[in-house]
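Here the structure is a predicted model, which means the values were calculated and not measured. Chain letters run A, B, ... following the sequence lines, proteins first, then strands; residues in each count from 1.
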Amino acid sequence: MRVTLHVWRQPGPELAGVFVRYDMTDVSPDMSFLEMLDVLNQQLLARQDDPIAFDHDCREGICGACGMVINGRPHGPRRATTTCQLHMRSFPDGAELWIEPWRARAFPVIKDLVVDRGAFDRIIQAGGFITARTGSAPEANSLLVPKADADLAMDAAACIGCGACVAACPNASAMLFVAAKVSHLGLLPQGQPERAARVVGMVAQMDAEGFGACSNHGECMAACPKEISIDFIARLNRDYLKAVVSHPSSVVRGDGGSNG
Amino acid sequence: MAVTGVILFLFVVAHLLGNLKIFEGPAAFDAYAEGLRTVGAPFFGRGWLLWIARVVLIVAVLAHMWAAIETTRASWRARPVSYRRLEPVETTYAARTMRWGGVLIVVYVIYHLLDFTFGRVNPSFVPGDVYHNVVASLRVGPVAAAYIAAMVVLGLHLYHGTWSALQTLGLNRPPTGGWRRGVAAAIAVLIAGAYISIPVAVLAGMLR
């Protein structure tokens, strides 16, 4: 099949970017989207051009490294699919594809389609963990977790931190990511002691990173390759309000309180 | 944003219930308008509770606008380089028009106050004769049309606002996921429709 690509090429963080057109022929419908870009990069290298920089790692849809906006949709047109798991058969022959990086102040472009998602790491560092050593997996019946809570925690823990939620949000808000990370620990017994400090610290860091304000469009949920529900955003808001009421000092300090 | 939104939502409902008394005739409607000033007597003096409500509403409106401007500016700052295009999937027309809808509602409220509270743009304003003022204004075709259009805008704003406020306040829970948007839409249609019934009734000659 044939495709026409318009790829965002930006040589460096402070440099201006432009769309560059590439006409591809002999694309196999069974190629993944990234394999198609690999083929293009081989052609670019063969003619001494700079290959297109893009993030990728596992190519199994579970690491969260890859991601680009394809025709206005983060990770492309298929629901619940990362860019690496998207196949060229998802597009019609002769398709015209506009490929852009995630666009957010908090995700500065490093090169071409690669963005710096260090903001997510710093949000995790602000409380997205359990301080105490929990050791290896405990004996199953020593710490009881209701099945419904375990399932919900698992749904939230499915977040791979790819950043598609931020990319899809009209406000470039990171609420779905933070909600998933706050919820998967907040639903489990091990997460309870630091629950209030966690949510306050992570939200403060999210704001400090310059993400936008959630206005409940729901685009994040539609773009999420793991289909994480915006119900977790309601849960995040609930946890945050409770934390503000019960631990007001941690809000003033903005450092996540007890573990700060 | 959500807290002030809830206050304003409650006002919209209370105002609607009061307005619908117009269908009970001039005497009942004017008595209701007078009742707003005497309610709470003898503990409160004439108009006290009305002014307390007005102050609460003015503060709520200003806080709501401030929150809207702050979140909008934060969002604009958050994406300095925009996409060539971003395809909407999940969002609604109501959600995308919240900001302009809010501006239109402010413009409408100013006109509405000039029309019925200050009487400046009312064709024949008679202080205290509320029924007469309403009918005199809404009998004018373009004015009635503007009121109806404003209520459609309000309905869209309420549709996104209702379920969005519950989301922000953390009250949305998974079991209601399937129907809460439908309920929000039904509430919005009910409120906007009930408001629109008044100019329609005036135009149809039911209220004269």
(request) Go through the atoms of B:Arg96 and report whether side chain, backbone, both or neither lie under 4.5 Å from a heavy atom of chain A. (result)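 When you check distances to chain A, atoms from both the backbone and side chain of B:Arg96 fall under 4.5 Å.
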
(message) Can you tell me which portion of B:Thr176 sits under 4.5 Å from chain A's heavy atoms? Options are side chain, backbone, both or neither.
(response)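 B:Thr176 has no heavy atom closer than 4.5 Å to chain A.
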
(request) Please state whether the side chain, the backbone, both or neither of A:Leu241 comes within less than 4.5 Å of a heavy atom of chain B. (result)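 For A:Leu241, the side chain is the part near chain B, not the backbone.
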
(request) Could you tell me which portion of A:Asn71 (side chain, backbone, both or neither) has an atom closer than 4.5 angstrom to a non-hydrogen atom of chain B? (result)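 Both backbone and side chain of A:Asn71 come within 4.5 Å of chain B.
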
With respect to chain B, which residue among [options] yields the maximal number of heavy-atom pairs within a distance under 4.5 Å?
options: A:Ala223, A:Cys214, A:Gly210, A:Cys169; result: A:Cys169
options: A:Ala106, A:Gly72, A:Pro170; result: A:Gly72
options: A:Glu209, A:Arg103, A:Met221, A:Arg238; result: A:Arg103

(message) Are there residues of residues 151-167 of chain B whose heavy atoms fall under 4.5 Å of chain A's heavy atoms? If so, which?
(response)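 The list, in residue order, reads B:His160, B:Trp163, B:Ser164, B:Gln167.
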
(message) Can you confirm whether more than 12 heavy atoms, excluding those of B:Arg73, are under 6.0 Å from its CZ atom?
(response)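 No, CZ of B:Arg73 has 12 or fewer neighbouring heavy atoms, counting only those of other groups under 6.0 Å.
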
(message) Within the supplied structure, the quantity of interest is the number of heavy atoms (other residues, nucleotides, ligands) at a distance under 6.0 Å from B:Trp48 CH2; does it exceed 12?
(response)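 12 or below, so no.
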
(request) Say whether, by atom type as modelled, one donor and one acceptor occur between the side chain of A:Glu219 and the main chain of B:Val89 under 3.5 angstrom. (result)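 Flag set: sc A:Glu219 to bb B:Val89 pair under 3.5 Å.
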
(message) Please give me the minimum heavy-atom distance between A:Ala104 and B:Pro80, naming the atom from each residue.
(response)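 Closest pair (atom of A:Ala104, atom of B:Pro80, distance): C-CD, 4.4 Å.
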
(request) For B:Glu90 and A:Ala222, work out which heavy atoms get closest and say how close. (result)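 Shortest heavy-atom contact: CB-CB, 3.9 Å.
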
(message) Only pairs of heavy atoms separated by less than 4.5 Å count here; which of B:Ala78, B:Ala74, B:Ala2 has the most with chain A?
(response)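 If we count pairs closer than 4.5 Å to chain A, B:Ala78 comes out on top.
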
(message) Using 0.5 Å steps for rounding, measure from the CG atom of B:Leu86 to the CD atom of A:Glu100.
(response)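 Nearest 0.5 Å value for the CG-CD distance: 8.5 Å.
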
(message) Would you compute the distance between atom CD1 of A:Ile230 and atom CG of B:Asn172 and round it to the nearest 0.5 angstrom?
(response)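 It comes to 8.0 Å.
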
(request) Mind running side chain to side chain contact (heavy atoms under 4.5 Å, CB included) on B:Arg84 and A:Phe19 for me, showing each step along the way? (result) CA-CA 10 Å; B:Arg84 178 181 171 273; A:Phe19 284 102; 3.9 Å; yes

(message) Give me each pair satisfying ring-ring contact (aromatic ring centres under 6.0 Å, His included) with a member in residues 56-105 of chain B, each pair once, sequence neighbours excluded.
(response)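 Not a single pair qualifies under ring-ring contact (aromatic ring centres under 6.0 Å, His included).
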
(message) side chain to side chain contact (heavy atoms under 4.5 Å, CB included), that's the test. Do B:Arg79 and A:Asn171 meet it? Break it down for me.
(response) CA-CA 7 Å; B:Arg79 182 162 291 145; A:Asn171 305 311; over 6 Å; no

